[in-house]
Engineer: 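Quick one: this structure, given as structure tokens, is what I'll be asking you about.
Numbers restart at 1 for each chain; the letters A, B, ... are given by sequence-line order, proteins then strands.
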Amino acid sequence: MDPDAYVEAVLTLVEQVPPGRVTTYGTLAEAVGYGGPRRVGRVMSTHGGSVPWWRVVRADGSLPPSHDDEARAHYAEEGTPTRSPARGHGIGRIDMAAAYFGDFTPSPPRP
DNA sequence: GGGTTGACCAATG
DNA sequence: TCATTGGCCAACC
């Protein structure tokens with residue numbers, strides 16, 4: 001598969017995540033149907049700047065080791081359910097039970 | 001061609 | 001809740 005095609009597939013899926021919801025790297029990997037979670041993570045680090053990357057979190061609901069402050073601002077703005085702002089240790093985590101989204105449409109774009 | 005690294009995941013203590 | 005362990009896949013020295 002062309003690397004570019006894989007990247008586009010991942011980015012397309014990320015854009016399908018509605019505001020106020022989040023999904024995980026592993027879920028994206030399965031939705032794309034190829035490669036593993038780490039592959040998705042790498043794609044995000046390379047092309048994440050073009051998509052709402054803050055809607056992609058780790059399986060436990062914590063954010064990537066980078067940009068947690070910025071992501072928190074987006075969550076506040078979109079109304080994404082989060083758990084305790086945490087004691088100054090950075091950001092709290094996402095309330096996965098309420099915010100998790102995994103209802104992707106298998107095929108990339110269209111219409 | 002082979003070892004290291006990484007925006008990962010799940011299980012365990 | 002955090003740390004550790006083993007496994008995963010591709011990119012990068």
Side-chain angles (χ1 to χ4, degrees):
Chain A
M1 180 183 237
D2 289 334
D4 292 338
Y6 188 80
V7 171
E8 280 191 36
V10 172
L11 298 184
T12 300
L13 289 171
V14 173
E15 288 179 340
Q16 285 180 24
V17 180
R21 297 292 200 93
V22 298
T23 193
T24 71
Y25 294 92
T27 300
L28 287 175
E30 282 196 20
V32 175
Y34 182 81
R38 298 187 86 142
R39 186 87 184 303
V40 176
R42 257 191 49 74
V43 171
M44 292 302 286
S45 72
T46 305
H47 300 88
S50 306
V51 295
W53 52 264
W54 57 89
R55 290 181 197 154
V56 185
V57 300
R58 289 173 52 161
D60 63 352
S62 53
L63 292 154
S66 344
H67 307 82
D68 58 335
D69 294 307
E70 201 167 323
R72 181 176 53 181
H74 286 291
Y75 294 146
E77 197 168 340
E78 296 182 351
T80 305
T82 59
R83 284 188 77 194
S84 309
R87 30 178 197 228
H89 187 279
I91 189 186
R93 289 180 302 288
I94 305 299
D95 185 350
M96 294 302 282
Y100 179 71
F101 177 86
D103 184 18
F104 293 106
T105 56
S107 295
R110 90 349 271 54

Engineer: Roughly, in whole Å, what's the span from CZ in A:Arg42 to P in C:dC8?
Structural biologist: 19 Å
Engineer: OG of A:Ser45 to CZ of A:Arg38: how many Å apart, nearest 0.5 Å?
Structural biologist: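 Here the rounded value is 12.0 Å.
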Engineer: When rounded to the nearest 0.5 angstrom, what distance separates OG1 in A:Thr23 from CD in A:Glu30?
Structural biologist: 10.0 Å
Engineer: Establish, with yes or no, whether the OP1 or OP2 oxygen of C:dA10 is under 4.0 angstrom from a side-chain nitrogen or oxygen of A:Tyr34.
Structural biologist: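 Yes, because at least one side-chain N or O of A:Tyr34 sits under 4.0 Å from OP1 or OP2 of C:dA10.
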Engineer: For atom P, what is the distance between C:dG7 and B:dA7, given to the nearest Å?
Structural biologist: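 These two P atoms come out 22 Å apart once rounded.
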Engineer: Please list, chain by chain and in numerical order, all residues satisfying ring-ring contact (aromatic ring centres under 6.0 Å, His included) with A:His47, sequence neighbours excluded.
Structural biologist: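 A:His47: no ring-ring contact (aromatic ring centres under 6.0 Å, His included) contacts found.
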Engineer: Can you name the residues that form a side-chain hydrogen bond (donor to acceptor under 3.5 Å, both in side chains) with A:Thr27, not counting sequence neighbours?
Structural biologist: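 A:Thr24, A:Tyr100.
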Engineer: Rounding to a whole Å, what distance do you find between A:His47:NE2 and B:dA7:P?
Structural biologist: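 It is 15 Å, rounded to the nearest whole Å.
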Engineer: Do A:Thr82 and A:Ile94 have side chains that approach each other closer than 4.5 Å (heavy atoms only, starting at C-beta)?
Structural biologist: yes
Engineer: Can you measure A:Met44 atom CE to B:dC8 atom P for me and round it to whole angstrom units?
Structural biologist: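 These atoms are roughly 11 Å apart.
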Engineer: Using the 3.5 Å cut-off, write out each protein N or O paired with an N or O of nucleotides 9-13 of chain B and the distance between them.
Structural biologist:
| residue | atom | partner | partner atom | Å |
| --- | --- | --- | --- | --- |
| B:dC9 | OP1 | A:Ala59 | N | 3.4 |
| B:dC9 | OP2 | A:Ala59 | N | 3.1 |

Engineer: A:Arg39 has an atom CZ; how far is it from atom P of C:dC9, in whole Å?
Structural biologist: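 Roughly 11 Å, once rounded to whole Å.
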Engineer: Going by heavy atoms in the side chains, are A:Tyr6 and A:Val40 under 4.5 Å from each other?
Structural biologist: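 A:Tyr6 vs A:Val40: side chains touch.
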Engineer: Just how far, in rounded Å, is C1' of C:dA11 from CZ of A:Arg38?
Structural biologist: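 Whole-Å distance recorded here is 11 Å.
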